[in-house]
Each structure stands twice: as structure tokens, then as C-alpha cells.
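Below is one structure; the comments refer to it alone.
Not measured: the values here are computed from a predicted model. So you know, we letter chains A, B, ... as the sequences are listed, proteins then strands, and number each from 1.
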Amino acid sequence: MPVVRLVAFARLRELFGERREIALPEGAKVGDLWDTLLREEPHASALARGLRFARNGALCGAETALCEGDEISLLPPFGGG
Amino acid sequence: MPVVRLVAFARLRELFGERREIALPEGAKVGDLWDTLLREEPHASALARGLRFARNGALCGAETALCEGDEISLLPPFGGG
Amino acid sequence: MLLEIVRDPIDLRAIERAVLAPGCGGIVSFCGSVRERADDGRAVEGLRYEAHEAMARASFREIADEVLATMPEVRLAIVHRIGALNVGEIAVVVAAAAPHRAEAFSAARFAIDALKERSPIWKQERYSDGERLWVENRCSGERQ
Amino acid sequence: MLLEIVRDPIDLRAIERAVLAPGCGGIVSFCGSVRERADDGRAVEGLRYEAHEAMARASFREIADEVLATMPEVRLAIVHRIGALNVGEIAVVVAAAAPHRAEAFSAARFAIDALKERSPIWKQERYSDGERLWVENRCSGERQ
């Protein structure tokens, strides 16, 4: 059961909070974390367009395996500048 | 005998002075003014490349007729910016 | 290279001084401020920016490295403010100094375009009618 | 529009403030300073600029009018200093504010390129070996 730290931004932070810990089954991937969150807040699926993930500060895909203590960021489309 | 005011810049100012009055024959053109100056300082011919003239603050050609009181500017290639 | 996420007001002149070197004749700077109207014409009361600060700084470093790879003489600054900003306040400054102006223009343009596309920074506009909206950059999020 | 030939030191921030309007989110500025080395590598001690002031101001106005003809929302400043300048001092500032950055970059780039080509301003470099040279812009004087 890896426990990862979820960090969400913008609309996703408003839904899921800025930082929280979340426990996932052994072998879970980044995409499984997103699916877990969607079960909690089904209307978050509207925010999937353009969503990117990062693991420990580096962009990653949904197939990336989760390890104990990872920081997983949910990055909606950017708006800086 | 129109008398015009000559205004020279950069190297040409160093040769001919910043401002001076110069009398030219009736019917003289801007090009005649330049030829008169070259008789005075023959080595100014080395500065003819890229030289432009202005009459009363507007670019003009060597065929432009001179009128009494005109300000004729000698404009070497620019170096601003 | 001055590559920063800051929370306090941005001093544009200080940034320009930081990139100016005696060998650099030209500085091009882009300074983005909070506009009083949104793209749809609504009156904007203020903004809030947030960032994944570590990733944003890393993206600034990556952008600077890409600039230097093609234009090694350029000196670059990228500074973005986060938190609450009022209309008229400076949100972002990109400044590029170079011996000649073509490189300075090119570096500044590349850096601000790249920042908008790849730096994890988010903007929430607050309108005079009380509504708040997270506003996305046009190209962002279309890459994967 | 702020279009000036000045003899005193240039205040970059004041110029940027002059073009910034609440509706303009982006300012692009080009700031040209006196470099410590000439293009041939010689150490520069200082510069002297001179101008046909009336024609230079008229050329700035013409450049601004051309910018406005294609980009009416742009607010532009063109300020050039003349007289004696030391290494590191600002010789010229072009600043363009616009609702979006593409126009601001485009206007600033056009204005500085046009100034170098058509504004009657001359530059004399003074080198550390005592020599002085009138330095021409590359494209200048090749038009007629």
C-alpha cells in the first residue's frame, strides 16, 4: 500500500485540497490515483482535458508506477505569463 | 544669388562646420551646392557614398532647386540606435 | 541568469540592471501586467497566480538553457510573481541582453512563449461581478 | 506616444510607465546602451551622438504613424539621447504596449529597426587609444 502525497493546482486544488496523503493498492499507477479521485468527485472528469501529471517534480504519464512517498502533482492547463 | 544655410553632420560637420551661409548662382541646385563644397575640400568626395540631402527638413534629391533662405542639410549615413 | 518565482512586487528596472553587462548593447524586455479587461471584455478586479514553484523554476532553467544553447552570449532573466495581484501590477518580466538586438528580441520572445506553454503556473481572474475563473493559455494542455 | 530626442540621462522605467495603459497587458521594450567594446573588439571609452533634431523627431512620428496604421491599439515610445555618453549609459529606448504580446514585440522591433535605418542620428565612438570614429549602421545610406 504505497502512500503518496497528492498536490493539486487551480480548479483541482479547489476540489481536492492543496496537499493530502493518499494510500493506493500495491502496484498502483498514476492513472489509478486519478481514477480513485474521480470516484470521490465524479464531476472532476470534466477537468481531465489537458490534465498532466508530475511525479516528484517531473512530468510523467498515467502508466508511471507509484512508489511510497512520491509527490504526485495534478497539473491542469497552464495560465502563467 | 540665393543664399542658403548649410547644416552638416558627423564627418561633414567636422569639414564644413556645423552651420554656415553660402551664396550660389541663380538657378543653382542642391547638387551644385555639393560641387561648390567639393571645390573647397576636394577630399570630401570620399564622403559622397551614402550621402543624402535635405531641404528645410525634408529629404531631397541633388536636382532640387535652391531658394533664398533654404536650410540645406548634408546627411551622411546614419548611426543612431 | 535570474530565474525566479516571487511573491512581492516586481522591480522591472532592477531586473534589467541584473541582465545588463558592459558587453551587451541591447536589452529587450517583456513585461506582462494585469489588464483591466478580460479577453471577453469583462472588467477585471484582480488576479491570483499560483505555481508548482519547484517545477516552474526548473522550467525557467530549461528555457534559459535552450536559449543559451543557440545564443550563448545572451543574458536572460525570467521572473514571475504569484499570489494576489491588482490591475496594473506586473505579473511577469522576461529580459534578454545581448551584444546585438536580433538575439535579444529572439531570446525574449522565445522565453515568454515557452513560459506560457510549459511553466506550471495558473491564473485566476476575479471579475467585478464577483465571479472567479481559471484562465488557460491558448496553447497549454494541447501537447499530450 | 512619447517621441523625443533628449540630452539628459534616460529613465527607462518612466518611459515604460508612459506607455502602459490599463488595457495593455504587455510592454516590450528595447533599450540600447553604450557597449564597452566596438564591433571590431576595440575598447570604447564613450560615445557622442548628434542628430538633425527636427528631422529625427519627424522620423519618430512617421515610424509611430506606420505602427498605428497596422496596429491601432499599440502605445509607443521612442526616445533617443544625444550628446556625450559613457559606457553603460542608455542611448535609446523603444517601448511598445499592446493588449497582446505579439503586437508589442512586432511594434518594438519595427520601431528600432526603422529608427536605425531612417532617423538622422550619428554616432562617434571614442576608443581608449584616443581615436574617434563615426560609426554607420549597416543598412543606412544604401537606399538611394
Side-chain angles (χ1 to χ4, degrees), chain C residues 10-17 19-39 41 43-44 47 73 85-113 115-116 123 125 135 137-138, chain D residues 10-17 19-39 41 43-44 47 73 85-113 115-116 123 125 135 137-138:
Chain C
I10 288 178
D11 179 349
L12 175 57
R13 186 66 185 126
I15 295 170
E16 287 169 328
R17 259 195 296 267
V19 297
L20 188 59
C24 288
I27 298 182
V28 172
S29 60
F30 173 84
C31 173
S33 305
V34 179
R35 287 186 290 154
E36 65 176 357
R37 302 239 160 245
D39 281 337
V44 172
L47 293 186
E73 292 182 312
L85 278 75
N86 297 317
V87 169
E89 288 194 297
I90 298 175
V92 61
V93 171
V94 166
H100 296 100
R101 71 188 184 284
E103 287 80 12
F105 271 99
S106 174
R109 182 69 198 267
F110 173 81
I112 185 65
D113 288 354
L115 178 152
K116 288 185 174 256
K123 173 170 79 173
E125 288 183 341
V135 181
N137 291 333
R138 248 154 294 182
Chain D
I10 288 177
D11 180 348
L12 175 57
R13 186 67 185 126
I15 295 170
E16 286 169 329
R17 259 195 296 270
V19 298
L20 189 60
C24 288
I27 298 182
V28 172
S29 60
F30 173 83
C31 174
S33 305
V34 179
R35 287 186 288 154
E36 65 176 358
R37 301 237 160 245
D39 282 337
V44 172
L47 292 186
E73 292 181 312
L85 278 76
N86 297 316
V87 169
E89 288 195 297
I90 298 174
V92 60
V93 171
V94 166
H100 296 99
R101 71 188 183 285
E103 287 79 13
F105 271 101
S106 173
R109 182 70 198 267
F110 173 80
I112 185 63
D113 287 354
L115 178 152
K116 287 185 175 256
K123 173 170 79 172
E125 289 183 341
V135 181
N137 291 333
R138 248 154 297 183

Check your understanding: Parallel, tilted or perpendicular for D:F105 and C:F105, by the 30°/60° rule?
Key -> perpendicular
Check your understanding: What's the spacing between D:R101 CZ and C:I112 CD1 if we round to 0.5 Å?
Key -> 6.0 Å
**Study point:** Best-contacting candidate, D:A104, D:G26, D:S29, against chain C by heavy atom pairs under 4.5 angstrom
**Key:** D:S29
Check your understanding: Any chance CD of C:E73 has more than 12 other-residue heavy atoms, nucleotides or ligands included, within less than 6.0 Å?
Key -> no
Point to revise | C:A102 versus chain D, the contacting section by heavy-atom distance below 4.5 Å | key: both
Point to revise | From CA spacing to verdict: side chain to side chain contact (heavy atoms under 4.5 Å, CB included), C:R109, D:R109 | key: CA-CA 11 Å; C:R109 182 69 198 267; D:R109 182 70 198 267; over 6 Å; no
Practice item. Give, as side chain, backbone, both or neither, the part of D:I27 having an atom under 4.5 angstrom from any heavy atom of chain C. Key: both
Point to revise | Interchain contact, C:A108 with chain D, by part (heavy-atom threshold 4.5 Å) | key: both
Practice item. Step by step, work out the salt bridge (charged side-chain N to carboxylate O under 4.0 Å, His left out) result for C:D11 and D:R13. Key: CA-CA 9 Å; C:D11 179 349; D:R13 186 67 185 126; 6.0 Å; no
Check your understanding: Is chain D contacted by the side chain of C:L20, its backbone, both, or neither, given a heavy-atom distance below 4.5 Å?
Key -> side chain
Practice item. To the nearest 0.5 angstrom, please state how far the CZ atom of D:R138 sits from the NE2 atom of C:H100. Key: 5.5 Å
